[in-house]
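Here is how names work: the chains are called A, B, and so on, in the same order as the sequence lines, proteins then strands, and each is numbered from 1.
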Amino acid sequence: MRIACFNINGIKARHAALCDWLDEASPDVVLLQEIKSIDENFPHEMFEDRGYNVETHGQKGFNGVAILSKYPLEDVSRGLPGDDSDEQARWIEATVTGDAGAVRVCGLYLPNGNPAPGPKYDYKLAWMERMHARAAALLATEEPVLMGGDYNVIPQDEDAARPEAWHKDALALPESRAAFRRLLHLGLTEAFRARVEGPGHYTFWDYQGGAWQRNNGIRIDHMLLSPQAADRLTDCGIDTEVRGREKPSDHVPLWVDLDI
DNA sequence: ATGGCACGTCAAACGTGA
């Protein structure tokens, strides 16, 4: 089963590029971030015509997450637990049952947090604390779990083309990196780093400053796997070339193959 | 050497992002 995540930066602006990629990459499950749409306006039919079931958790104008799946999506839940006053649509879960078992997939759009320090950074760190609690609860099930999406965290300096430019940014501040490591310390495996070592691997290039042409990228989209999912990991990759196409998102897809 | 962006909202700038 191939599971991908992709921050599309607006479904209305990206449906053509997204469908082109779906048609060629043919992932079984896709976790979408930044749909920037309310549920009613999400183009379900476009994906249903391609054999995908669709579940969304959107809001007006910003944020918003969705799951596409060629397998049925069961026990769907929307929103990250731990703060009933949080109105931002950044988390969705569902269970996908493949030919050889089930996996709980969580699609997430972690807050950016800039400017730091400030209330937006406080919200980011609090959100990561809530995610830590949710991840611990999911790990306690001892079932395969995948948490994938836009983490808005550059884990290490090797994950940025120009690390010094990010040292005071919410994506790379020590507290952000520590919170990301705290997730890993629960016993989660970061799929990409289980397969690939070294610098030069990115999932985001800013629209400004010719970042793509200069390969001035950062690696901020990630997939974390429970031990039961990590044991079934057979491959992981980044569809880098998508960034060079017509009307691209500023992110590219990240995917894993799980023997499920 | 330097400056160079793109969403959605709503109909002109503005908030937001990374």
Of the listed dA18(B), dG15(B), dG8(B), the closest approach to the N112(A) side chain comes from dA18(B)

Side chains of Y202(A) and N215(A) only: does a donor on one sit below 3.5 Å from an acceptor on the other? no

N or O in side chain of Y151(A) less than 4.0 angstrom from dA18(B) OP1/OP2: no

Nearest to side-chain heavy atoms of Y207(A), which nucleotide of dA18(B), dC7(B), dG15(B): dC7(B)

Base, sugar-phosphate alone, or nothing: which one does N63(A) contact when heavy atoms must sit under 4.0 Å apart? nothing

K247(A) side chain N/O closer than 4.0 Å to the phosphate oxygens (OP1, OP2) of dC7(B)? yes

At under 4.0 Å between heavy atoms, what does D250(A) touch on the DNA or RNA strands: base, sugar-phosphate, or nothing? nothing

Nearest-nucleotide comparison on DNA chain B, the residue closer to the 5′ end among N152(A) and G210(A): G210(A)

Identify which nucleotide among dT9(B), dA18(B), dG8(B) has an atom closest to any side-chain atom of K36(A), counting heavy atoms from C-beta outward. dG8(B)

How many Å lie between CG on L32(A) and P on dC7(B), as a whole number? 16 Å

Starting from P on dG8(B), measure out to CD1 on I11(A) and report it in whole angstrom. 10 Å

Given dC7(B), dG15(B), dA18(B), the nucleotide with the shortest approach to the side chain of N9(A): dC7(B)

Phosphate OP1/OP2 of dA6(B) contacted by R14(A) side-chain N/O (<4.0 Å): no

Using a strict threshold of under 4.0 Å (side-chain N to carboxylate O), is an ion pair present between D157(A) and R177(A)? yes

Please state whether the phosphate of dG17(B), meaning OP1 or OP2, lies under 4.0 angstrom from any side-chain nitrogen or oxygen of K120(A). yes

Spacing between Y123(A) atom OH and dT16(B) atom P, to the nearest angstrom: 13 Å

Minimum heavy-atom separation for A172(A) and W166(A), please, with both atom names. CB-O, 3.2 Å

Give a yes/no answer on whether the side chain of N114(A) brings an N or O atom under 4.0 Å of OP1 or OP2 in dA18(B). no

How far apart are the closest heavy atoms of A135(A) and L183(A), and which atoms are they? CB-CD2, 4.3 Å

For dC14(B) versus dG3(B), give the span between their P atoms, rounded off to a whole number of Å. 23 Å

Nearest of dA18(B), dT9(B), dT16(B) to any side-chain atom of I218(A)? dA18(B)

Looking only at side-chain atoms of R214(A), point me to the closest of dC7(B), dG17(B), dG4(B). dG4(B)

When rounded to the nearest Å, what value does the distance between C1' atoms of dG8(B) and dG4(B) take? 23 Å

For the pair Y151(A) and F180(A), name the ring-plane relationship: parallel under 30°, tilted 30 to 60°, perpendicular over 60°. perpendicular

I'd like the P distance from dT2(B) over to dG15(B), given in whole Å. 30 Å

The answer to which of N7(A) and F62(A) contacts DNA chain B further toward the 5' end, by nearest nucleotide, is F62(A)

Integer angstrom distance from the P of dA13(B) to that of dA1(B): 37 Å

Euclidean distance, atom CD1 of residue I35(A) to atom P of dT9(B) [Å, nearest integer]: 11 Å

Scanning both residues in full, the closest heavy-atom pair of M46(A) with C19(A) reads CG-SG, 3.5 Å

Contact class for F204(A) (heavy atom, under 4.0 Å): base, sugar-phosphate, or nothing? sugar-phosphate

Would you mind telling me which of dG8(B), dA18(B), dG15(B) lies closest to the side-chain atoms of L171(A)? dA18(B)

